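Below, chain A is the first sequence line, B the second, and so on; all start at residue 1. Keep in mind that this is a model prediction, so the values were computed, not measured.
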Number of protein chains: 2
Amino acid sequence: MDRNWDDWWRPSVAVDVALLTVAGESLAVVVHQATQEPAAGKWLLPGTFLHEGELLADAALRALRDKIGVSGHTPRQLRVFDAPDRDDRGRVLSVAHVDLVRADRVEGCTLAPLVGGRAHVPGRQRRMPYEHDDIVQTAVSWARQAYEDAVDPADLLDEPFTLADLRRLHAAVAGEPLPKDTFRRSVTAALHGTGELARGTVGRPAELFRKTPGARRERG
Amino acid sequence: MDRNWDDWWRPSVAVDVALLTVAGESLAVVVHQATQEPAAGKWLLPGTFLHEGELLADAALRALRDKIGVSGHTPRQLRVFDAPDRDDRGRVLSVAHVDLVRADRVEGCTLAPLVGGRAHVPGRQRRMPYEHDDIVQTAVSWARQAYEDAVDPADLLDEPFTLADLRRLHAAVAGEPLPKDTFRRSVTAALHGTGELARGTVGRPAELFRKTPGARRERG
DNA sequence: GGAATAGTGTCTCTGAGACAATATCTA
DNA sequence: TAGATATTGTCTCAGAGACACTATTCC
């Protein structure tokens, strides 16, 4: 080493989390209002600085806990945003993360519904600072890909469930209606039916299914 | 701000680059021997610490220039490796990058051919330190996906080229032979033939093609 | 002509999507 | 019974892959 280790310049490293959930018939992302400059009062994604000895994923969980009071599930890294002028306070790299949790775990949070790929925050604010709109877009793409590849990778459904339940979930994630028959055929290989039927519903009762452990969907 | 900005702990941030090229009939990755502890003498990927005011992509280009004397092309971010014990010198986050360049730009470099998804470095060394084997694997996946989605995203071929040239390239990236007829049909939509023919070859001369600007392949 | 490579026609198989028929429940 | 929803059969279409045939050059 030609210099003392401590002499080297180091950037600040933050994590920002797009916490997605299924609200009604579409995806939504949890936002909160910034308390600190330079974005005080603006709606944005929860985030925090990485602490000493902490994993990025753990920092993401801490951000969710401290900023919006939610216990996350399994945050996944998306990518690093490193524009030099992202933050007026100095050079801050942000490692963007996604997480996808059930709606009942974000009760009381402010949800920004996704309208045409952009998060629709309260009030007149159009865009979120710190490239957070880009993070949301990447997060949604990740969620859509995950639900094309697997039946319920985020465990959003309670077992057992009907195919109608599963289809509603997938349609919400995909952001578009899914054909009933094609959808059924695309997922049945990764499910196994319990003999039981749903009760208390109108019309012919649906069979209840469980996920086959380790099975994936073959195609989207 | 409840504390002085400079009081906050910051990690060191490095970039490591998997510089891929097509060597003969398969992919290879450029490696070099570490000069510094704790990995001195071991083969690994070129990397460096992020400097003040520098973009991650620029740090990746600088690593290639300084460590292996190569001008990179367009490094892309893969993901951050953040295991706390990655580096004995302290907490170092590494932002892994990929780049894919023509073989004539890495002449004189040590190439580690890819055998079964792992880089085969010289000597008896089996694994690379700092999770660099994982980076290579992610880099190869990226390259394969890129060449499934587009005709020649890294501009590895000189125009005009024959379909045989293009197929050799794709087979090398994919790591498996590709059927002649199916391959042709999968790429012709994104190409346009010049009327000209290749000259000085054995057998029926092949038509020369150019990429249609902005066109992608529809499927892999 | 013979070897070698380029380019194309065609058959099969598989999966997506559309449509509609049948099945089984509640009110 | 009517209404609602679940489940399945079947048709069509498109693309991947396999195979083989035709085309055009050099020797």
Side-chain angles (χ1 to χ4, degrees), chain A residues 25 144-145 147-151 157-212 215-220, chain B residues 25 144-145 147-151 157-212 215-220:
Chain A
E25 298 192 351
R144 290 186 174 155
Q145 189 64 53
Y147 272 79
E148 280 194 10
D149 295 344
V151 169
L157 274 188
D158 279 321
E159 293 189 326
F161 48 80
T162 68
L163 283 170
D165 295 331
L166 186 61
R167 186 159 65 98
R168 260 190 299 275
L169 170 60
H170 276 254
V173 173
E176 61 181 10
L178 298 173
K180 184 173 58 167
D181 42 11
T182 303
F183 177 78
R184 164 184 288 269
R185 281 185 262 257
S186 76
V187 295
T188 38
L191 301 176
H192 67 272
T194 72
E196 302 166 60
L197 300 178
R199 302 190 342 186
T201 57
V202 186
R204 173 173 168 179
E207 187 174 3
L208 293 168
F209 290 84
R210 292 177 188 277
K211 293 185 270 182
T212 305
R216 320 233 98 206
R217 279 169 87 182
E218 39 271 57
R219 281 271 304 130
Chain B
E25 298 191 352
R144 290 187 174 154
Q145 190 63 54
Y147 271 79
E148 280 193 9
D149 295 344
V151 168
L157 275 187
D158 279 321
E159 292 189 326
F161 49 80
T162 68
L163 282 169
D165 296 330
L166 186 62
R167 185 158 65 98
R168 261 189 299 277
L169 169 61
H170 276 255
V173 172
E176 61 180 9
L178 298 173
K180 182 174 62 165
D181 42 11
T182 303
F183 177 77
R184 165 183 287 270
R185 283 186 260 258
S186 76
V187 294
T188 38
L191 302 175
H192 67 272
T194 71
E196 302 166 59
L197 300 179
R199 301 191 342 186
T201 56
V202 186
R204 172 173 169 178
E207 186 172 6
L208 294 168
F209 290 84
R210 292 178 188 277
K211 292 184 272 183
T212 305
R216 322 231 96 208
R217 279 169 87 183
E218 39 271 57
R219 281 272 304 130

Specify the separation, in whole Å, of atom [atom1] of [X] and atom [atom2] of [N].
X	N	atom1	atom2	result
Arg167(B)	dG7(C)	CZ	C1'	12 Å
Leu166(B)	dG7(C)	CG	P	12 Å
Leu163(A)	dT8(D)	CG	P	9 Å
Leu191(A)	dT7(D)	CG	P	11 Å
Leu178(B)	dG17(D)	CG	P	9 Å
Glu207(A)	dT5(D)	CD	C1'	15 Å

- Query: Could you go step by step and tell me if Tyr147(B) and Leu169(B) meet the side-chain contact (heavy atoms from CB on, under 4.5 Å) rule?
  - Reply: CA-CA 9 Å; Tyr147(B) 271 79; Leu169(B) 169 61; 3.9 Å; yes
- Can you check whether Leu178(A)'s main-chain N or O pairs, donor with acceptor, with Arg167(A)'s side chain at less than 3.5 Å?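 Between the backbone of Leu178(A) and the side chain of Arg167(A) there is a qualifying donor-acceptor contact (under 3.5 Å).
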- Given dT7(D), dG17(D), dA18(C), which nucleotide is nearest the side-chain atoms of Thr182(B)? dG17(D)
- Item | 5'-most by nearest nucleotide on DNA chain C - Ala164(B) or Lys180(A) |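 Its nearest nucleotide lies further toward 5', so the answer is Ala164(B).
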- Qualifying residues under side-chain hydrogen bond (donor to acceptor under 3.5 Å, both in side chains), relative to Arg168(B), sequence neighbours excluded: Asp165(B)
- dA6(C) phosphate, OP1 or OP2, under 4.0 Å from Arg184(B) side-chain N/O: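 Looking at the OP1 and OP2 atoms of dA6(C), neither is under 4.0 Å from any side-chain N or O of Arg184(B).
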- Take Thr162(A) and Glu207(A) through the side-chain contact (heavy atoms from CB on, under 4.5 Å) test and state the conclusion after the steps. CA-CA 6 Å; Thr162(A) 68; Glu207(A) 187 174 3; over 6 Å; no
- Item | side-chain contact (heavy atoms from CB on, under 4.5 Å) involving Glu25(B) - partner list, sequence neighbours excluded |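 side-chain contact (heavy atoms from CB on, under 4.5 Å) check on Glu25(B) returns nothing, list empty.
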- Side chain of Arg185(B), base of dT10(C): donor and acceptor closer than 3.5 Å? yes
- Item | Pairwise distance CZ(Phe161(B)) to CZ(Arg210(B)) - rounded to 0.5 angstrom | 9.0 Å
- In 5'-to-3' order, the base (B), backbone-only (S) or no-contact (-) status of each nucleotide in nucleotides 22-27 of chain C, using a 4.0 angstrom heavy-atom cut-off, is -BBBS-
